[in-house]
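Structure first, then comments.
Each ligand, and each atom within it, is numbered from 1 in the order the structure gives.
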Amino acid sequence: MIIGTPRHKATLAKRYDTIVIGSGMSGLATAACLSKAGQKVLVLEQHYTAGGFTHTYTRKGYEWDVGLHYIGEVHRPNSTIRRIFDYISDSGLQWAQMDEVYDRIYLGDESFDLVTGVERFRAKMLSYFPQEQQALDRYLQLIRDVNASSSMFFLHKALPNSLAKILRLPLCRRYLKFAEQTTADVLLTLTKNAKFIAVLTGQWGDYGLPPKSSSFAMHAMVVKHYLNGASYPVGGSASIARTIEPVIQKSGGQIVTRAAVEEIIVEHNKAVGVRLQGGQEIRAKTIISSVGVENTLGRLLDQATIEKHGLKRQLANIEPSMAHVGVYIGLQASDKELGLATSNLWLYPDEHHDANLAAMKQPGHKFPVIFISFPSSKDPEWDAKFPGKSTIEIVAPAPYEWFKQWQGSRWQKRGKDYTKFKQELQDTLLESLYRIHPQLIGRIHFAELSTPLSTDHFCRYKTGEIYGINHTPRRFQQKWLRPATPITNLYLTGQDIVTCGVGGALISGVLTTIRVLGLWRSRVLLTMLKPKRSR
Ligand SMILES: Cc1cc2nc3c(=O)[nH]c(=O)nc-3n(C[C@H](O)[C@H](O)[C@H](O)COP(=O)(O)OP(=O)(O)OC[C@H]3O[C@@H](n4cnc5c(N)ncnc54)[C@H](O)[C@@H]3O)c2cc1C
């Protein structure tokens with residue numbers, strides 16, 4: 001069978017064991033793990049390129065990634081994440097560690113560095129907040145406690161239903177105790193110092209919710225993820241799909257782009273295949289969806305199946321995460337010439353994270369956070385590929401409502417008002433960049449702004465949500481956010497069933513594979529998930 005648009009045709013094999021919908025980190029990880037177990041896997045991706053939020057795009061001789069600025073743990077050869085990446089890429093994926101300061105937090109004009117290594121992190125924090133030693137030590141202990149209990153909580157998701165029911169309490173109780181509290185609830189038991197709390201939660205943009213609404217477990221996992229430093233994929237984030245694809249192909253599988261799934265075909269409550277936009281049907285024994293739970297259970301199934309299992313009711317318990325605007329910048333000079341380092345910058349107006357986000361109802365109000373990343377400086381291969389050039393990316397929250405009036409318009413044809421609005425937002429964000437790096441004034445050669453409509457267009461998140469489902473305490477109480485679904489042979493994977501982040505999506509792929517293959521046939525994966533003792 002041949003599928004795809006006339007210009008991008010792909011010839012399919014006669015039979016596949018599994019179809020994976022979506023080629024983001026989770027879809028690729030699931031496909032590669034199943035391929036390693038001997039399965040022939042077909043990955044169907046609606047975009048023109050593979051990778052989901054880890055894809056890259058090029059314009060005017062520059063290249064940008066869209067959803068990966070840094071990742072923790074991968075530079076430690078024995079970490080779970082690194083071992084899984086090595087496994088699914090046959091060690092093809094390489095990592096470049098960033099400088100000692102992975103994040104710099106600005107509260108107004110004051111800045112605070114988050115530095116690599118627990119002891120150095122602790123010493124740095126004490127240099128800013130010498131009165132907070134007791135609170136800091138208790139905080140670091142809590143971070144360790146949450147992370148020690150997290151692996152059992154997530155592994156529990158991969159167990160067969162009957163076993164999962166019996167073991168839920170013993171395996172999940174400890175983690176849920178942390179997950180069901182907000183970050184503010186926990187931190188306020190340690191200290192009343194608002195500035196100290198604002199610095200400790202200065203990475204809230206990594207999981208999309210400020211302290212009063214985020215789950216403390218989510219906060220703690222992100223903090224721990226980066227405590228030992230951060231890295232960037234050598235060659236940019238497109239290296240992820242590039243190095244994993246051959247592993248899928250080795251077992252006879254393939255990734256097909258421009259192949260949007262319109263419906264999951266269900267017969268007698270069993271998923272048997274998919275129908276693509278255009279009407280073509282492809283069948284396989286197992287169907288795995290990585291496109292988000294709202295898309296999968298609310299949009300890709302037929303109405304009768306949705307109603308039969310009360311899926312709309314279930315979906316009412318979750319909410320989408322925030323949407324964002326992104327500015328993609330190209331400069332005609334190298335990072336060294338421009339004095340740009342690898343550290344990410346987080347710009348906050350002041351220490352009132354929750355109030356600032358709540359106030360951002362109208363455009364024109366200050367952005368509650370602006371994140372600035374220097375991807376070209378992080379990639380050791382950049383200078384050889386793009387000599388004399390560099391790139392910068394800016395990310396900031398922006399409610400979908402700001403763009404709702406252009407919903408349904410076509411990409412790049414959304415009209416003059418839209419272009420004008422985008423220009424205003426871009427100018428505001430560039431001013432923030434110039435405040436930190438005035439040497440860049442007059443040096444920008446190319447810049448363009450993406451909106452939540454772009455996120456929907458390229459990755460199919462209906463309200464432009466940046467991280468799938470919001471990471472509230474309530475999210476972690478949803479027992480149904482797991483690989484198995486009420487439909488036989490239909491499984492979920494992706495950030496929604498674990499957490500957002502490339503690491504979260506990666507682990508979700510492993511958990512879904514374990515659920516599909518069963519515990520015995522997943523011994524290699526289970527070994528990789530086994531927590532290692534670390535500080
Ligand atoms: C701006 C931004 C910055 C980020 N920065 C970081 C960071 O620095 N570090 C980090 O760890 N994480 C970061 N993240 C988060 C991280 O990128 C995501 O959590 C993770 O990549 C999600 O992977 P996924 O496989 O679950 O989903 P996705 O990557 O969204 O993959 C889903 C795929 O399914 C495809 N699809 C959807 N519908 C269909 C359909 N009907 N048919 C076929 N295909 C379909 C989509 O096109 C997409 O390719 C960032 C995210 C964003 C948006």
For Ile21, the ligand 1 atoms whose distance to one of its heavy atoms is below 4.0 Å: 42 (N), 43 (C)
Check the side chains of Thr18 and Gln39 for a donor-acceptor pair under 3.5 angstrom, ignoring hydrogens and angles. yes
Within the structure, does His324 bring an N/O atom to less than 3.5 angstrom of an N/O atom in ligand 1? no
For Tyr328 and Ser450 the tightest heavy-atom approach is CE1-OG, 3.6 Å
Salt bridge check: are Glu281 and Arg275 linked by an N-O gap of less than 4.0 Å? yes
Specify the protein heavy atom at minimum distance from atom 16 (C) of ligand 1: its residue, its atom name, and the distance to 0.1 Å. Gly67 O, 3.7 Å
What orientation do Tyr226 and Tyr70 show, parallel under 30°, tilted 30 to 60°, or perpendicular over 60°? parallel
Should the pair Arg460-Asp456 be classified as a salt bridge under the 4.0 Å nitrogen-to-oxygen rule? no
Numbering as shown, the atoms of ligand 1 that approach Arg460 to under 4.0 Å (heavy-atom distance): 37 (C), 38 (N), 41 (N)
Could you label the plane-to-plane angle of the His47 and His55 rings as parallel, tilted or perpendicular, counting under 30° as parallel and over 60° as perpendicular? perpendicular
State the atoms of ligand 1, each with its element, that fall below the 4.0 Å cut-off from a heavy-atom position in Ser26. 24 (P), 25 (O), 26 (O)
Decide whether the shortest distance between a heavy atom of Asn295 and an atom of ligand 1 is less than 4.0 Å. no
Quick one: look up the protein heavy atom nearest atom 28 (P) of ligand 1 and list residue, atom name and how far away it is. Tyr461 OH, 3.6 Å
Backbone or side-chain N or O of Gly501 under 3.5 Å from ligand 1 N or O: yes
For Tyr232, state whether at least one heavy atom is located under 4.0 Å from any atom of ligand 1. no
What protein heavy atom sits nearest atom 31 (O) of ligand 1, and how far away is it? Gly24 CA, 3.4 Å
Pairs of nitrogen or oxygen atoms closer than 3.5 Å, one from Val502 and one from ligand 1: do any exist? yes
For ligand 1, which atoms sit closer than 4.0 Å to a heavy atom of Phe458? 47 (O)
Any idea which of Phe371, Tyr467, Tyr48, Tyr70 brings a heavy atom closest to atom 9 (N) of ligand 1? Tyr70
Does ligand 1 have an atom under 4.0 Å from some heavy atom of Ala259? yes
Among protein heavy atoms, which lies nearest atom 39 (C) of ligand 1, and at what distance? Val291 CG1, 3.5 Å
Return yes when Ile466 approaches ligand 1 closer than 4.0 angstrom through a heavy atom, no otherwise. yes
Please determine if Arg59 and Glu448 form a salt bridge, counting it only when a charged side-chain N lies under 4.0 Å from a carboxylate O. yes
The closest protein heavy-atom partner of atom 23 (O) of ligand 1 is Ala505 CB, 3.5 Å
Under a plain distance cut-off of 3.5 Å, with no hydrogens placed, do Ser508 and Thr493 share a side-chain donor-acceptor pair? yes
Which of the listed options, Gln46, Arg258, His69, holds the heavy atom that is closest to atom 7 (C) of ligand 1? His69
Salt-bridged, Lys36 to Asp90, with N to O below 4.0 Å? yes
To the nearest 0.1 Å, how far is atom 40 (C) of ligand 1 from its closest protein heavy atom, and which atom is that? Val261 N, 3.8 Å
Minimum-distance pair of heavy atoms, taken over all atoms of Pro77 and Arg83: O-CG, 3.6 Å
Should Glu45 and Arg258 count as an ion pair when the cut-off is N to O under 4.0 Å? no
Is there a polar contact, in the sense of an N or O pair closer than 3.5 Å, between Phe53 and ligand 1? yes
For the side chain to side chain contact (heavy atoms under 4.5 Å, CB included) test, which of Asp65, Ile240, Val66, Ile71 pairs with Thr54? Ile240
Please report which non-hydrogen protein atom sits nearest to atom 2 (C) of ligand 1, along with the residue it belongs to and the distance in Å to one decimal place. Val66 O, 3.5 Å
Run the salt bridge (Lys or Arg N to Asp or Glu O under 4.0 Å) check on Asp17 and Lys285 step by step: do they pass? CA-CA 6 Å; Asp17 299 303; Lys285 181 176 172 294; over 6 Å; no
Ranked by distance from atom 18 (C) of ligand 1, the top protein heavy atom is Gln495 OE1, 3.4 Å
Which of the atoms of ligand 1 are close to Ser290, meaning less than 4.0 Å from one of its heavy atoms? 32 (C)
